A.B. asks: 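Got a structure for you, written out below as structure tokens; questions coming shortly.
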There are 2 protein chains.
Amino acid sequence: MKKDLTPSETQLPRYRWLADIIRDTIDRGLLTDNQALPPERELAEHYEVSRDTVRKALRYMEERGIIYSDHGRGTFVSPAIVRGTTRFIDSFSQDTGNRGGVPGQRIISIENIGASMAIATLLNIESGTPLVRVRRVRLIDDIPVGVHDAHLVLPRGSRLTRSQIERSGSLYKLLTAQYGFDPAEAVENLCAGAADADDAQWLDVPVAAPLLICERITLSDRRQPIEYCLMKYVSSYRYRTRIARHSDGTR
Amino acid sequence: MKKDLTPSETQLPRYRWLADIIRDTIDRGLLTDNQALPPERELAEHYEVSRDTVRKALRYMEERGIIYSDHGRGTFVSPAIVRGTTRFIDSFSQDTGNRGGVPGQRIISIENIGASMAIATLLNIESGTPLVRVRRVRLIDDIPVGVHDAHLVLPRGSRLTRSQIERSGSLYKLLTAQYGFDPAEAVENLCAGAADADDAQWLDVPVAAPLLICERITLSDRRQPIEYCLMKYVSSYRYRTRIARHSDGTR
DNA sequence: AAGTGGTCTAGACCACCCA
DNA sequence: GGGTGGTCTAGACCACTTC
């Protein structure tokens, strides 16, 4: 596959091309947990790129938890537990797929509403701003695992229909394609809560069952708030995340 | 303060020195949400460093959620919601402090045990390996908010005493100072659960009250597992995290 | 077209780890 | 001491945004 192409043949920057090659090597098991990669200078010579480009590739992979470097020692493959754990936005469809489940959804309602005080504050917009509210039950292998209550800031006159969402599978994909919705970053707030009557009905659990509650505020590439989403998950649902050492630096 | 020192006077690399200056500028409100920083070339000239060093400083800050860059547009200050949200290991004492609360702890027990099958699997060690188990109630402003059940892989013959932990305030700090315990990365798994009789007693909540359950596996700088910690928090406790766009890249 | 960030190079020197 | 990653430079060119 891509490993035999030159960087110019793939449309990628050289460092990305290199990173993909190394990633493939790891995925194919030729390098495993805590094994050392070749030294940077060697990689540079072998792949005919500058050492700086090699370093860029390594940093790119390190950010993703695939490898780690130690000062005078070398660069190593991260253990598998870490390697798979990088969170991204709209992880539900993707995460579920990655974990070997089939993601699904059942749309509860689609409404055009005005932002309440609470939501306006969270999104830092005017109270009353028109929003599209989409409520869905999320499924894994046809079993309900969570409810999502999304409040979307869309361009004026946007209309979302049930069948559009149903056809596209991923709400985000649809919004991106149709409305230039372009999430760049999000902040999440997690806590535990108890199922109310509605939750219980949709999720098929008793009232007062424990739920994982996750609030998300999503920002566009220009860091404008574009979504507030309240998600509630049954207790069998796992939310995974990776955290790094506070490398130092006092603050 | 540090802004008037030359890079050589602070023991820091130049890019860190520059990053601190810019960070100060933001903290003092001279630059706020979504405002543009000076162009890279201008920063380079003004601070008499190469453009590459400027870029390193900016990438360093971007990773921490302080700023973001957009290709042909410029580099901007992240909105405050994002700016404060970077998770690090042993966030409890630090987070609590950052949020204006006073962190505390009440030690339930300290035991020397052998790793159970379950924990041995998680930590990827031999079943029966000696571990130190520390159970604590975590407090904010003297109110119990969570229980931590830590299983630590320590050098042979390590002894932890109640008074040591109590004196040091932070368990991690103690372990780092005394036993070369050096967490570099961790993986967390969150879900909802219900309080059992013990939880209820320690946390002063009813049995079956919803709890936020967080399992953490911590790895050393060499990516050896050094801790498994099971944490349970009452529903008023908030766990915050920041996630980035799946920048692209298919995988 | 002008201005901005993104990629890439070649080479130098420093800091850390280990035998 | 020899090998490794970490920092830094000066300059070139590309890609994207904005006017």
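Note that the coordinates shown come from a computational prediction; the quantities given were computed from them, not determined experimentally. We name chains A, B, ... by the order of the sequence lines, and we start the count at 1 in each one.
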A.B. asks: What about B:Arg55, does its side chain sit under 3.5 Å from the base of C:dG5 through a donor-acceptor pair?
C.D. replies: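 When only heavy-atom distances are counted, B:Arg55 does not reach the base of C:dG5 through any donor-acceptor pair under 3.5 Å.
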A.B. asks: Could you check how far CZ of A:Arg41 sits from P of C:dG11, rounded to whole Å?
C.D. replies: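 The answer, rounded to whole Å, is 13 Å.
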A.B. asks: Separation of A:Tyr60 atom OH from C:dG6 atom C1', in whole Å?
C.D. replies: 14 Å
A.B. asks: Would you kindly say whether A:Arg59 and A:Ser69 are connected by a side-chain donor-acceptor distance under 3.5 Å?
C.D. replies: yes
A.B. asks: Just compare C:dT4, D:dA10, D:dG6 and give me whichever is closest to any side-chain atom of A:Glu40.
C.D. replies: D:dG6
A.B. asks: Using the closest heavy atom to pick a nucleotide of DNA chain C for each, name whichever of A:Tyr15 or B:Glu42 lands nearer the 5' end.
C.D. replies: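 It is B:Glu42, whose closest nucleotide lies nearer the 5' terminus.
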A.B. asks: Whole Å only: how far is the CH2 atom of A:Trp17 from the C1' atom of C:dG6?
C.D. replies: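 These atoms are roughly 19 Å apart.
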A.B. asks: So that I can tick it off, tell me whether B:Glu185 and A:Arg242 are bridged by a salt bridge, with the cut-off set at under 4.0 angstrom between side-chain N and carboxylate O.
C.D. replies: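 Salt bridge present between A:Arg242 and B:Glu185.
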A.B. asks: Quick one: which of C:dC8, D:dT17, D:dC13 gets closest to the side chain of A:Pro13?
C.D. replies: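 Out of C:dC8, D:dT17, D:dC13, the nucleotide with an atom closest to A:Pro13's side chain is C:dC8.
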A.B. asks: Quick one: B:Arg73 CZ to C:dA2 P, roughly how many Å, whole number?
C.D. replies: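 Going from B:Arg73 (CZ) to C:dA2 (P), I get 22 Å.
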A.B. asks: Report the distance from atom NE2 of B:His71 to atom P of C:dG3, rounded to the nearest whole Å.
C.D. replies: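 So the NE2-P distance, B:His71 to C:dG3, works out to 16 Å.
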A.B. asks: Treating B:Arg223 as the side-chain partner and B:Asp221 as the backbone partner, does any N or O pair qualify as donor plus acceptor under 3.5 Å?
C.D. replies: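 Such a contact is found between B:Arg223 side chain and B:Asp221 backbone.
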A.B. asks: What is the distance, to the nearest angstrom, from the CG atom on A:Leu58 to the P atom on D:dG6?
C.D. replies: 9 Å
A.B. asks: With side chain to side chain donor-acceptor pair (under 3.5 Å) as the test, would you mind laying out the steps for A:Tyr228 and A:Arg216 before giving the verdict?
C.D. replies: CA-CA 6 Å; A:Tyr228 166 80; A:Arg216 177 192 288 172; over 6 Å; no
A.B. asks: Compare every heavy atom of B:Ser78 with every heavy atom of B:Arg83, then report the nearest pair and how far apart it is.
C.D. replies: NH1-O, 2.9 Å
A.B. asks: How many Å lie between CG on B:Asp52 and P on C:dG5, as a whole number?
C.D. replies: 14 Å
A.B. asks: Please tell me if B:Thr75 has a side-chain N or O lying less than 4.0 Å from either OP1 or OP2 of C:dG5.
C.D. replies: yes
A.B. asks: Does the base of C:dG6 carry an N or O that pairs as donor and acceptor with the side chain of B:Arg51 under 3.5 Å?
C.D. replies: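 Yes, the side chain and the base share a sub-3.5 Å donor-acceptor pair.
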A.B. asks: Tell me which of A:Arg222 and B:Thr53 sits closer to the 5' end of DNA chain D, going by the nucleotide each one is nearest to.
C.D. replies: B:Thr53
A.B. asks: Give the nucleotide from the list D:dG5, C:dT9, D:dC8 with an atom nearest to the side chain of A:Val49.
C.D. replies: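 Selected nucleotide: C:dT9.
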A.B. asks: Whole Å only: how far is the CZ atom of B:Arg59 from the C1' atom of D:dT7?
C.D. replies: 17 Å
